[in-house]
Amino acid sequence: MCDGRGLLVDGGGIASEQCAAVGSRLRVVRAAGARSMLVRPDGCLAWAGREGGLRPALERGFPAP
């Protein structure tokens, strides 16, 4: 995260589809079987696998420029 981007760990392959609008501000790592989570560029956990919570976390942590 030294490059100023957030990190999405996508455990099910579905979460990364919701991140298209964020584009290059977010690195996506697919990890089958892992719990999906969104980590802000400062290292804080912004979301951890709760259904319906990813989009609001993206809007708060990665607002449109």
Side-chain angles (χ1 to χ4, degrees):
M1 292 181 295
C2 295
D3 59 2
R5 295 189 295 170
L7 173 68
L8 174 72
V9 177
D10 189 355
I14 298 170
S16 58
E17 295 172 5
Q18 297 181 25
C19 297
V22 177
S24 64
R25 295 179 288 152
L26 188 66
R27 177 177 298 169
V28 177
V29 176
R30 293 191 181 189
R35 183 171 185 165
S36 295
M37 64 183 75
L38 177 65
V39 183
R40 297 185 329 206
D42 62 359
C44 292
L45 187 62
W47 171 79
R50 282 193 358 222
E51 228 176 282
L54 178 56
R55 187 165 309 279
L58 286 168
E59 291 170 358
R60 279 190 310 272
F62 302 90

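By the criterion of side-chain heavy atoms lying less than 4.5 angstrom apart, applied directly or through intervening Ile, Leu, Val, Met, Phe, Trp or Tyr residues, Leu7 is not grouped with Leu54; the two fall into different hydrophobic clusters. Criterion: ILVMFWY side-chain heavy atoms under 4.5 Å apart, direct or through other members. Under it, Val29 and Leu38 are not part of a common hydrophobic cluster.
Arg60 is linked by a side-chain hydrogen bond (donor to acceptor under 3.5 Å, both in side chains) to nothing, counting only residues two or more places apart in sequence or in another chain. Glu59 meets the side-chain contact (heavy atoms from CB on, under 4.5 Å) test with Arg55; sequence neighbours excluded. Remark: Ser36 engages no residue in a side-chain hydrogen bond (donor to acceptor under 3.5 Å, both in side chains) (not counting sequence neighbours).
Residues Leu8 and Cys19 approach most closely at CD2-SG, 3.5 Å, considering heavy atoms. Looking at every heavy atom in both residues, Gln18 comes nearest to Leu58 through O-CD1, 3.6 Å. Contact detail for Ala46 and Ala57: the closest heavy-atom pair is O-CB, 3.7 Å. Between Phe62 and Leu26, the closest heavy-atom pair is CZ-CD1, 4.0 Å. Nearest heavy-atom pair, Ala31 versus Val9, reported as atom, atom and distance to 0.1 Å: CB-CG1, 4.1 Å. Between Arg25 and Pro63, the shortest heavy-atom contact is NH1-O, 2.7 Å.
A donor-acceptor contact shorter than 3.5 Å links the side chain of Arg35 to the backbone of Ala48.
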